[in-house]
Amino acid sequence: MPELPEVETIRRVLYPQILGASIEKIEVLESRLRSPIPANLPSLLRHRRVVELQRHGKYLFFILDQDWVWLQHLGMTGKIFLQAPEDKPEQHLIFSMGLDNGLSLRYHDARRFGYLKIASEKEIHAALHLGPDSLLANPDLSFWKELKQRHVKSIKSVLMDQSLIAGIGNIYANEILACAGIHPQRSLAEIDESSLSRLKRSIRKVLLEAIRFQGSSVSDYYVSAGKKGRFQERFLVYSRDGAPCRTCATKIVAVKEHGRNSFFCPRCQR
DNA sequence: CGCACCCCCTGCCGGC
DNA sequence: TGCCGGCAGGGGGTGC
């Protein structure tokens, strides 16, 4: 599901409504996520106040008082909604948190690939091994040149490797490479400096525009209850195999690589 | 060490 | 119409 633009959109929606709120009533309905939700979650979070909401890559960091951090990853199908307590939760409710401002923060996750951890900030960062955020850190040309020295794998798998650069998944890797005119199967090692510079600009351009359109709703992702993102209407290549390239009308091609689909224009991307 | 492969889980879609 | 296989924005573990 959610890559950087979707998680950032969720952060911006939640932020004004949860800042300063205190978590009061915690109910866990399903503890089987990627790793089990700790049984003491209610006692860990009760009466903790949200002092900040940050994002790194695809992770949300709910910064709580007394050096607690609630780390949340949404996996493929995770959704976080703020609702009035009387609103009927949709299917696959994992947990809900009643806040002292009268709202209820609910996490839904059909496939249960999401992940939650409560720990100190130091402990959280030690456990994650994330590369720089692909938007906030705005990695420069020297970053890419340095990466190029160490990695021969395809440019697309580098973009999707969260330990190298965080936030880009399959949709945006495809879109960024289409924007930059780079073939997804090209090895990073053989990409010249002008292409690297286009890549760097494309990362920013695509991610910022996707955030402006509140992310991509392909199937499960919603901005808030019932409200979809709109960036999927502007895809250059993702899931457009057989359709004409928006630049040259050549048919978009799909190839499977490491179990994930790559989409590209064989004429514009070399 | 890097990388290919397989797994986790549910829902949806197309083909038969 | 119904069942079945394949596929989906995720990441982690294993074994070569």
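We name chains A, B, ... by the order of the sequence lines, and we start the count at 1 in each one.
Both the sub-6.0 Å distance and the 45° axial angle are satisfied by Arg34(A) relative to the ring of Tyr115(A).
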Pair Ile182(A)-Ile176(A), side-chain contact (heavy atoms from CB on, under 4.5 Å): steps then yes or no: CA-CA 9 Å; Ile182(A) 299 171; Ile176(A) 286 163; over 6 Å; no

Secondary structure of DNA chain B in dot-bracket form (Watson-Crick or G-U wobble, distances below 3.5 Å, | marking inter-strand pairs): .|||||||.|||||||

Under 3.5 Å, which N/O atoms of the protein pair with N/O atoms of nucleotides 12-16 of chain C?
none

Return the polar atom pairs (N/O with N/O) between nucleotides 3-5 of chain B and the protein under 3.5 Å, or none.
from: dC3(B); atom 1: OP1; to: Lys153(A); atom 2: N; distance (Å): 3.3
from: dA4(B); atom 1: OP2; to: His258(A); atom 2: NE2; distance (Å): 3.0

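With sequence neighbours left out, the salt bridge (Lys or Arg N to Asp or Glu O under 4.0 Å) criterion links Arg12(A) to Glu8(A). Under the side chain to side chain donor-acceptor pair (under 3.5 Å) criterion, Arg201(A) pairs with Ser197(A), sequence neighbours left out. Qualifying ring pair (Phe, Tyr, Trp, His ring centres under 6.0 Å) partners for Phe61(A), counting only residues two or more places apart in sequence or in other chains: His125(A). Applying the ring pair (Phe, Tyr, Trp, His ring centres under 6.0 Å) criterion to His151(A), with sequence neighbours excluded, gives no partner residue.
Between Ile124(A) and Tyr59(A), the closest side-chain pair of non-hydrogen atoms is not below 4.5 Å.
Residues Asp109(A) and Tyr107(A) bring a donor and an acceptor atom of their side chains to less than 3.5 Å of each other.
Of the residues in residues 158-170 of chain A, Gln162(A), Gly169(A), Asn170(A) come within less than 4.0 Å of DNA chain C through at least one heavy atom, sorted by number. Near DNA chain B, meaning a heavy atom under 4.0 Å from it, residues 104-122 of chain A has Ala110(A), Arg111(A), Arg112(A), Phe113(A) in order of number.
Leu93(A) forms part of a hydrophobic cluster together with Leu29(A), judged by ILVMFWY side-chain heavy-atom separations under 4.5 Å.
Evaluation of the salt bridge (Lys or Arg N to Asp or Glu O under 4.0 Å) test over residues 232-245 of chain A, restricted to residues two or more places apart or in two chains, returns Glu209(A)-Arg234(A). The side chain to side chain donor-acceptor pair (under 3.5 Å) contacts involving residues 86-101 of chain A comprise Lys79(A)-Glu90(A), where partners must be two or more places apart or lie in separate chains.
Dashed line: the shortest gap from a side-chain N or O of Lys58(A) to OP1 or OP2 of dG11(C) is under 4.0 Å.
Distance, Asn174(A) CG to dA8(C) P: 11 Å, rounded to whole Å. Here the P atom of nucleotide dA8(C) and the CD1 atom of Ile171(A) are 11 Å apart, to the nearest Å. Remark: P of dG2(B) and CZ of Arg150(A) are 8 Å apart, rounded to the nearest angstrom.
Aromatic ring orientation, Trp70(A) versus Phe62(A): parallel (interplanar angle below 30°, classes split at 30° and 60°).
Crowding of Lys25(A) atom NZ: a count of heavy atoms from other residues, nucleotides or ligands under 6.0 Å not exceeding 12.
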